[in-house]
Amino acid sequence: MEEKTFFEYEDVKVTNSRFISGGQTYAMNNVTSVKTQIQKPSRWIGILLLLLGALLAINASAAMGLILVFGSGIFLYLQKTTYHVMLSTSGGETSALKTYQIEYVTQVVNALNEAIVYRG
């Protein structure tokens, strides 16, 4: 049977027989299921610093408070949700791809599901 490609972009490739991601190759015949996992960043430190900065700006040192508010605002802005492509095999579950782009993960997961159905 000839290898059929379902998705290919940069270093990620999904075919009916293998999944290549970041230099790692997974045999599709070992993959039993695939899903997306969402990992939200912990923002409590940024929120705490933002509140502390606001209190400083109001009560004591306006300049230091504003610097803290600005810095914590940038910190919170830079925190991004991470999306993982999770593969389930007989050996357990593994994160095979990690990105900040939900559309990209959705395309890869859809291609992996097509490859699983195709081989069956």
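Every value quoted in this text rests on a predicted model; they were computed, and no experiment measured them.
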For residues [X] and [Y]: do they belong to one hydrophobic cluster (side chain heavy atoms under 4.5 Å, members Ile, Leu, Val, Met, Phe, Trp, Tyr)?
| X | Y | result |
| --- | --- | --- |
| L68 | I47 | no |
| L51 | I45 | no |
| L78 | F70 | yes |
| L50 | L52 | no |
| Y118 | L112 | yes |

Among K4, E114, M28, the one residue meeting side-chain contact (heavy atoms from CB on, under 4.5 Å) with N16 =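 Of the listed residues K4, E114, M28, the side-chain contact (heavy atoms from CB on, under 4.5 Å) partner of N16 is K4.
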From N113, T99, V85, T36, residue fulfilling side-chain contact (heavy atoms from CB on, under 4.5 Å) relative to V108 |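 Between V108 and the candidates, side-chain contact (heavy atoms from CB on, under 4.5 Å) is satisfied uniquely by V85.
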At their closest point, which heavy atom of [X] faces which heavy atom of [Y], and how far apart are they?
| X | Y | value |
| --- | --- | --- |
| H84 | V105 | O-CG1, 4.3 Å |
| A96 | S21 | O-OG, 2.7 Å |
| Q79 | F75 | CG-O, 3.1 Å |
| L87 | F19 | CD1-CD2, 3.7 Å |
| G46 | S72 | O-CB, 3.6 Å |

Return the [atom1] to [atom2] distance between [X] and [Y], rounded to the nearest 0.5 Å.
| X | Y | atom1 | atom2 | answer |
| --- | --- | --- | --- | --- |
| Y100 | Q39 | OH | CD | 9.0 Å |
| N110 | Q107 | CG | CD | 8.0 Å |
| T15 | I20 | OG1 | CD1 | 7.0 Å |
| Q101 | K80 | CD | NZ | 9.0 Å |
| L76 | W44 | CG | CH2 | 12.5 Å |
| S17 | E2 | OG | CD | 11.0 Å |

Would you confirm whether T32, through its side chain, and S88, through its main-chain N or O, come within 3.5 Å as a donor-acceptor pair?
->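 Yes, T32 side chain to S88 backbone: donor-acceptor pair under 3.5 Å.
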Can you tell me if N30 uses its side chain to pair, donor with acceptor, with the backbone of T89 under 3.5 Å?
->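 Checking the backbone N and O of T89 against the side chain of N30, no donor-acceptor pair under 3.5 Å is found.
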For Y9, enumerate each residue passing the side-chain contact (heavy atoms from CB on, under 4.5 Å) test, keeping only those at least two apart in sequence or located in another chain.
->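 Residues passing side-chain contact (heavy atoms from CB on, under 4.5 Å) with Y9: F7, Y104.
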Do V14 and T5 have side chains that get closer than 4.5 Å, going by heavy atoms?
->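 With C-beta onward as the side chain, the pair stays apart.
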